[in-house]
Amino acid sequence: MEESASYNPREVAVQQLVDAASRIDVSDSIVEKLKHPKRILQVSIPTRMDDDSFQVFTGYRVQHNTERGPAKGGIRYHPQVTMDEVVALAMWMTWKCAVVNIPYGGAKGGVICNPKEMSLSELERMTRRLTSELIGFIGPDIDIPAPDVYTNPQVMAWIVDTYSMNKGYLIPAVVTGKPVEIGGSLGRNEATGRGCAFVSREALKTQGMDINGATVAVQGFGNAGSVAAKVLEEMGAKIIAVSDSRGGIYCEAGLDVGAAIEHKADTGAVSGLEGCDEITNEELLALECDVLVPAALENAITADNADAVNAKIVAEAANGPTTPEAQAILDDKGVFVVPDILANAGGVTVSYFEWVQGSQMFFWTEDEVNSRLETIMVNSYYGVRAEAQRGNWNMRDAAFNVAVGRVAKAVELRGIYP
Ligand code: NAD
């Protein structure tokens, strides 16, 4: 999420905590503790560029909370990274891990840089220097980074190598989202979309609809969106529309997701797939359908277009796709929203599996990964739904209640040291 003068993500995150705490009656002192990140590290990263000059990049690593386990969260490389943004993202990771009840706290990292203007070797040198600056701060028992915006498995591989060279032996569990060849997990790439498909299936069930023939529209046909579409199609749903940044396609009878993936791989866009009509992203969001999956960027559904949404269920594969004003409009319209911290938690869940496998050097089959993911996503969905029914809250408020409640209980049980 990007910061603007009128919108500070850290303030939004703190307000969400305060609101959840008031719904579930958490003491003021625990709220005060959770408002503050446990640790913030700012580092300077001098990096030799290809022309032999140096540039000094600034990086942050924020550990919001470690009451329930080591801190967990991605590292992003982006020119607009700010410390407040990283703090907010770390706090959201705390809630995401708590809502699916995996034994992690929340963290996030960011480096202010423009990776699109850097060569691979410049990125490698910057990543390795960043890793050495973070050496005492990260680790399998302390804080485990992962990919985020403009970082990828290769960046994770450089972190593994730098960390391991400093310790003297291979430590794959220092990061997740690394290549399978050096200890990554099978199923990690598909985990977010697959997890979103599992909760969409359960949402259809509890809202009294059949997945067979259920109509689905997916905004954003990247990693999360294309896998969610593929898995929902395998489950029997009919994918009537998908889109990417260049526009969307619609097919009333249901499109072939595999063909759309191939077409996008060949041409760079979903647009132009045979047998489909071209539509805009705004038209996609307004389609009459059973499930709408926003899987592109934040703030896709806003006060301006929420009223046009014609879906019965919105399953948020993206982070922050629905603004608070839009959520209120969707609530009034009776749209059932499965919030991001639940609907896209499949990614961090399989990251947890990757860390478990790397810590034990004992690797699972893809079926084992997927079936354990299913158990966690389904249990989490029904846990949040029970909380929603308990107080007549929407699913987003209920998810925050569950998450904040779990973390607050851990703080209460452990007490304040000394
Ligand atoms: P990605 O880059 O693979 O895919 C994003 C897709 O969105 C691309 O196809 C892009 O063309 C499309 N897009 C961009 N702007 C658009 C627009 N205005 N309208 C329609 N489509 C547009 O990214 P991803 O990894 O799939 O992530 C998507 C979202 O899911 C992000 O919000 C991300 O934070 C969230 N998420 C991803 C993961 C994961 O494991 N990949 C985990 C948790 C959350």
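Throughout, residue positions are numbered sequentially from 1 according to the sequence presented. First listed ligand is number 1; within each ligand, the first listed atom is number 1.
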Practice task
Report the member of Gly193, Pro147, Ala269, Ser245 with the shortest heavy-atom distance to atom 12 (C) of ligand 1.
Solution key: Ser245
Handout entry: Nearest non-hydrogen protein atom, atom 33 (C) of ligand 1
Key = Asn319 ND2, 4.1 Å
Problem - Over 12 foreign heavy atoms within 6.0 Å of NZ, Lys230 - result: yes
Exercise for the section: Measure from atom 3 (O) of ligand 1 to the protein's non-hydrogen atoms and state whether any distance is below 4.0 Å. Expected result: yes
Exercise for the section: With heavy atoms under 4.0 Å as the rule, classify the contact between Arg188 and ligand 1 as side chain, backbone, both or neither. Expected result: side chain
Exercise for the section: For Met165, look at atom CE and say whether over 12 heavy atoms of other residues, nucleotides or ligands are found less than 6.0 Å away. Expected result: no
Exercise for the section: Heavy-atom distances under 4.0 Å are what count here, so tell me which part of Gln219 touches ligand 1: side chain, backbone, both or neither. Expected result: side chain
Exercise for the section: Report yes if Ala224 has an N/O atom closer than 3.5 Å to an N/O atom of ligand 1; otherwise report no. Expected result: yes
Problem - Short N-O contact, Arg125 and Glu122, less than 4.0 angstrom - result: no
Problem - Tyr150 atom OH, over 12 foreign heavy atoms within 6.0 Å - result: no
Exercise for the section: Answer yes or no: are there more than 12 heavy-atom neighbours, outside Gln360 itself, under 6.0 Å from its atom CD? Expected result: yes
Handout entry: Contacting atoms of ligand 1, where contact means under 4.0 angstrom from a heavy atom of Asn223
Key = 1 (P), 3 (O), 4 (O), 25 (O), 26 (O), 41 (N)
Practice task
Please could you name the atoms of ligand 1 that Ser243 approaches to less than 4.0 Å, counting only its heavy atoms?
Solution key: 20 (C)
Practice task
Check whether any side-chain heavy atom of Glu190 lies under 4.5 Å from a side-chain heavy atom of Glu366, and answer yes or no.
Solution key: yes
Exercise for the section: Check whether any N or O atom of Asn281, backbone or side chain, sits under 3.5 Å from an N or O atom of ligand 1, and answer yes or no. Expected result: yes
Practice task
Could you tell me if the ring centre of Phe400 sits under 6.0 Å from that of Trp393?
Solution key: no
Problem - Min N/O separation Ala296 to ligand 1 under 3.5 Å - result: yes
Exercise for the section: Can you establish whether the number of heavy atoms outside Glu234 located under 6.0 Å from its atom CD is more than 12? Expected result: yes
Practice task
Tell me which part of Ala191 gets within contact of ligand 1: side chain, backbone, both or neither, using heavy atoms under 4.0 Å.
Solution key: neither
Fill in the blank from the handout: The option among Gly320, Gly74, Ala300, Gly222 carrying the non-hydrogen atom nearest to atom 8 (C) of ligand 1 is Gly222
Practice task
Run the salt-bridge test on Arg396 and Asp340 with the 4.0 Å N-O cut-off and return the result as yes or no.
Solution key: yes
Problem - Gly347 near ligand 1 by a heavy-atom separation under 4.0 Å - result: no
Fill in the blank from the handout: The answer for which part of Ala317 has a heavy atom under 4.0 Å from ligand 1 is backbone
Exercise for the section: Using distance alone, determine whether Lys96 and ligand 1 share an N or O pair under 3.5 Å. Expected result: no
Handout entry: atom 27 (O) of ligand 1 protein-contacted, heavy-atom criterion under 4.0 angstrom
Key = no
Exercise for the section: Starting from atom 21 (N) of ligand 1, locate the nearest protein heavy atom and write down its residue, its atom name and how far away it is, to 0.1 Å. Expected result: Asp244 C, 3.2 Å
Problem - Glu368, CD atom: more than 12 neighbouring heavy atoms under 6.0 Å - result: yes
Completion exercise
Closest heavy-atom pair, Phe137 versus Asp143, reported as atoms and distance to 0.1 Å, is O-CB, 3.6 Å
Exercise for the section: Please confirm whether Thr192 comes within less than 3.5 Å of ligand 1 when only nitrogen or oxygen atoms on both sides are compared. Expected result: yes
